[in-house]
Amino acid sequence: VEGKFKWLMLVQWDSSMSHHKSMGTQSDKEQDEMKRIFLESNPYLLAVTGCVSVLHTVFDFLAFKNDISFWRKVDSMQGLSVRSIFTSIVT
């Protein structure tokens, strides 16, 4: 099973990289760097990094959704300082 999975991943990788190369979105140097990252890194570290990235994206989306709902409910700027508004825009 491991050999078949590895072979399928390599076939998919080659297909994806040739597609990116034909579109001009990735150079040979970038492709080699991606291969090096995946081959030399610990798979568990890559999995944890992927999970943390997904969680960060979800929390970022929820924070943005909360900001939108807050600003829709605001009728006046009473109690809000210019500094806090500017800080929330910048960060």
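Atoms considered below: every heavy atom in the structure, side chains included; atoms not considered: hydrogens, waters and symmetry mates. Residue numbers start at 1 and run along the sequence shown.
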Checklist entry - Can you name the residues that form a salt bridge (Lys or Arg N to Asp or Glu O under 4.0 Å) with Lys21, not counting sequence neighbours? => result Asp28
Next on the checklist: Side-chain heavy atoms under 4.5 Å apart, restricted to Ile/Leu/Val/Met/Phe/Trp/Tyr: what other residues fall into the cluster of Leu8, or is it alone?
Outcome noted: Trp7, Val11
Item to check | Any residue meeting side chain to side chain donor-acceptor pair (under 3.5 Å) with Ser84, in chain and number order, not counting sequence neighbours | outcome: Ser81
Checklist outcome for this item: In this structure, NZ of Lys35 is separated from CD1 of Ile37 (nearest 0.5 Å) by 13.0 Å
Checklist outcome for this item: Tracing side-chain contacts under 4.5 Å among Ile, Leu, Val, Met, Phe, Trp and Tyr outward from Val82 reaches none
Enumerate donor-acceptor pairs with a distance under 3.5 Å from any side-chain N or O in residues 50-57 to protein atoms, sequence neighbours excluded.
from, atom 1, to, atom 2, distance (Å)
Ser53, OG, Thr49, O, 2.8
Thr57, OG1, Ser53, O, 2.9

Checklist outcome for this item: Residues at least two apart in sequence or cross-chain that pass side chain to side chain contact (heavy atoms under 4.5 Å, CB included) with Ser27, listed by chain then number, are Lys29, Glu30
Checklist entry - What pairs meet the side chain to side chain donor-acceptor pair (under 3.5 Å) rule with one or both residues in residues 64-77, with sequence neighbours excluded? => result none
Next on the checklist: For His20, give me all partners under side chain to side chain contact (heavy atoms under 4.5 Å, CB included), at least two apart in sequence or on another chain.
Outcome noted: Ser16, Met17, Thr25, Gln26
Item to check | Closest non-hydrogen atom pair, Gln31 against Trp13 | outcome: O-CZ2, 4.2 Å
Next on the checklist: Applying side chain to side chain contact (heavy atoms under 4.5 Å, CB included), can you list everything that pairs with Leu62, at least two apart in sequence or on another chain?
Outcome noted: Val58, Phe59
Checklist entry - Considering residues at least two apart in sequence or located in another chain, which fulfil the side chain to side chain donor-acceptor pair (under 3.5 Å) criterion with Glu33? => result Arg36
Item to check | Side-chain cluster (under 4.5 Å, hydrophobic types only) that Phe86 belongs to, other residues | outcome: Val90
Checklist entry - With sequence neighbours excluded, what pairs up with Asp60 under the side chain to side chain contact (heavy atoms under 4.5 Å, CB included) test? => result none
